[in-house]
Amino acid sequence: MASLSQEEENYVRMSLLLTGISPRAVRVMFDREFHPSCLDSSLKKEYNKLLDLKKKHIINQNQWNFLCPRFPDVPDSKTFDITLMITLLRNLTNIVPPQSGFDCLPSANEITPSADIARIKYYRNYLAHLDDGKIESANFNSVWYDISWAIDRLGGQQMKQECDQLKSKTLDQTNREIMLEIRRSNSEMIQLRESLDSLRRSHDVLQDDHIEMTKEVNRLKISAKDTIPWNIRGNQ
């Protein structure tokens with residue numbers, strides 16, 4: 001197998017950081033806000049609000065299945081993805097949001113728990129939009145510093161040590177296979193986006209055609225009505 005470039009290795013390490021360690025750090029905070037022993041009852045109390053989030057497509061069907069599992073199962077935060085945990089923290093708790101909200105990268109001097117989960121959310125989105133599977137080393141070091149200290153504040157020193165080890169350890173065959181899978185996924189995502197763009201364009205064209213056709217039908221109706229003699233028109 002061809003060796004990875006430094007930029008590709010940076011991407012693999014960042015992927016492992018954001019998909020492996022950061023969700024556990026967010027879960028530590030989540031379990032403080034929703035203690036596991038009370039999670040089921042806490043969610044049931046907020047059922048109407050959760051249902052509203054589902055109707056708005058903020059919570060998807062798969063996430064909903066974990067929130068409301070079939071009896072006798074009960075919700076367990078270990079089954080929640082990081083997006084769902086952040087959604088619940090944003091909408092069901094009284095935590096103060098970062099100055100610029102949860103959807104922007106907080107400033108460096110904001111080190112509150114809400115700012116740290118916003119940081120992790122921001123960088124996960126950043127990683128998801130890197131189609132070439134590469135991160136320049138200067139950018140990698142800056143982002144890694146930001147994320148690893150957010151993980152430290154949320155999850156504790158042991159998780160920070162895991163971050164430090166992950167940054168320098170030798171990538172094994174499994175990690176390289178992850179890189180290949182990421183490449184395949186990125187290629188599929190690009191194709192999917194192109195297909196969606198094509199569908200949107202087709203939909204827009206059909207909508208425009210429908211509008212024009214409706215206008216033309218209405219114009220013909222009016223034109224036909226105007227050609228009927230007034231004395232006959234009144235008897236219709």
Side-chain angles (χ1 to χ4, degrees), residues 4 6-36 39 63 66 75-130 133-172 174-176 178-179 181-182 185-186:
L4 300 177
Q6 184 61 56
E7 290 78 12
E8 288 174 326
E9 281 205 10
N10 292 342
Y11 184 89
V12 173
R13 294 182 197 278
M14 190 68 69
S15 298
L16 294 171
L17 179 69
L18 286 168
T19 61
I21 303 177
S22 68
R24 291 192 285 117
V26 172
R27 188 167 291 111
V28 170
M29 177 186 175
F30 182 88
D31 287 345
R32 283 199 297 265
E33 295 289 330
F34 298 93
H35 193 276
L39 178 59
Q63 293 169 332
F66 288 120
D76 184 345
S77 70
K78 291 184 180 66
T79 68
F80 295 177
D81 61 34
I82 191 168
T83 303
L84 178 57
M85 288 188 288
I86 292 175
T87 296
L88 297 178
L89 287 168
R90 290 177 65 170
N91 291 278
L92 302 185
T93 72
N94 295 321
I95 62 172
V96 179
Q99 293 176 11
S100 299
F102 284 97
D103 299 320
C104 298
L105 180 63
S107 61
N109 61 353
E110 282 192 88
I111 54 173
T112 63
S114 62
D116 283 332
I117 64 174
R119 254 184 208 96
I120 290 171
K121 178 178 180 294
Y122 176 89
Y123 286 122
R124 281 171 62 88
N125 290 338
Y126 158 80
L127 189 75
H129 288 86
L130 290 179
K134 297 178 182 179
I135 302 177
E136 295 294 332
S137 292
N139 194 31
F140 169 80
N141 289 321
S142 173
V143 173
W144 191 280
Y145 178 89
D146 213 9
I147 298 171
S148 62
W149 280 108
I151 288 172
D152 177 46
R153 290 186 291 268
L154 291 173
Q157 186 176 6
Q158 183 174 343
M159 286 192 191
K160 174 61 166 60
Q161 290 173 351
E162 288 183 52
C163 298
D164 295 340
Q165 292 167 3
L166 175 59
K167 188 179 181 183
S168 59
K169 78 171 187 176
T170 301
L171 295 178
D172 59 22
T174 301
N175 299 137
R176 294 176 182 275
I178 289 173
M179 182 68 226
E181 183 59 34
I182 289 170
S185 297
N186 283 337

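All values derive from a computational prediction rather than experimental measurement.
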Any salt bridge linking D164 with K160? Criterion: basic side-chain nitrogen under 4.0 Å from a carboxylate oxygen.
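A salt bridge links D164 with K160.
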Would R119 and D116 pass as an ion pair if we require N to O under 4.0 Å?
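Yes.
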For [X] and [Y], work out which heavy atoms get closest and say how close.
X	Y	answer
E162	R24	OE1-NH2, 2.5 Å
M29	S114	CE-N, 4.4 Å
L154	R32	O-NH1, 3.8 Å
E33	L89	CG-CD2, 3.7 Å
S77	M85	O-SD, 4.4 Å

side-chain contact (heavy atoms from CB on, under 4.5 Å) between D81 and F66, intermediate numbers included:
CA-CA 10 Å; D81 61 34; F66 288 120; over 6 Å; no
Check against side-chain contact (heavy atoms from CB on, under 4.5 Å), V26 and F80
CA-CA 11 Å; V26 172; F80 295 177; over 6 Å; no
A side-chain contact here means heavy atoms from C-beta on lying under 4.5 Å apart; do [X] and [Y] qualify?
X	Y	answer
L84	F30	no
L127	I135	yes
M159	V28	yes
C163	L17	yes
K167	F140	yes

Going from [atom1] on [X] to [atom2] on [Y], what distance comes out if it is rounded to the nearest 0.5 angstrom?
X	Y	atom1	atom2	answer
H129	N125	NE2	CG	6.5 Å
K78	D31	NZ	CG	7.0 Å
S148	R153	OG	CZ	9.0 Å
D152	I147	CG	CD1	13.5 Å

Are L18 and Y126 close enough, and set up right, to give a side-chain contact (heavy atoms from CB on, under 4.5 Å), and what steps lead you there?
CA-CA 11 Å; L18 286 168; Y126 158 80; over 6 Å; no
Audit row: N10, S137, side chain to side chain donor-acceptor pair (under 3.5 Å) steps and yes/no
CA-CA 7 Å; N10 292 342; S137 292; 3.2 Å; yes
Report the C-alpha distance between Q63 and T87 in whole Å, list the side-chain angles of each, state the deciding distance to 0.1 Å, and finish with yes or no for side-chain contact (heavy atoms from CB on, under 4.5 Å).
CA-CA 11 Å; Q63 293 169 332; T87 296; 5.8 Å; no
Ignoring hydrogens and angles, tell me if any N or O in the side chain of T112 forms a donor-acceptor pair with the backbone of A115 under 3.5 Å.
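Here the side-chain-to-backbone pair exists.
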Is a side-chain donor-acceptor pair under 3.5 Å present for D146 with Y122?
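There is no such pair (donor and acceptor under 3.5 Å, judged by atom type) between the side chains of Y122 and D146.
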Validation: residues 95-108 side-chain donor-acceptor distances under 3.5 Å, sequence neighbours left out:
unit_1: D103; atom_1: OD1; unit_2: R90; atom_2: NH1; d: 3.1
unit_1: D103; atom_1: OD1; unit_2: K121; atom_2: NZ; d: 2.8
unit_1: S107; atom_1: OG; unit_2: N109; atom_2: OD1; d: 2.5

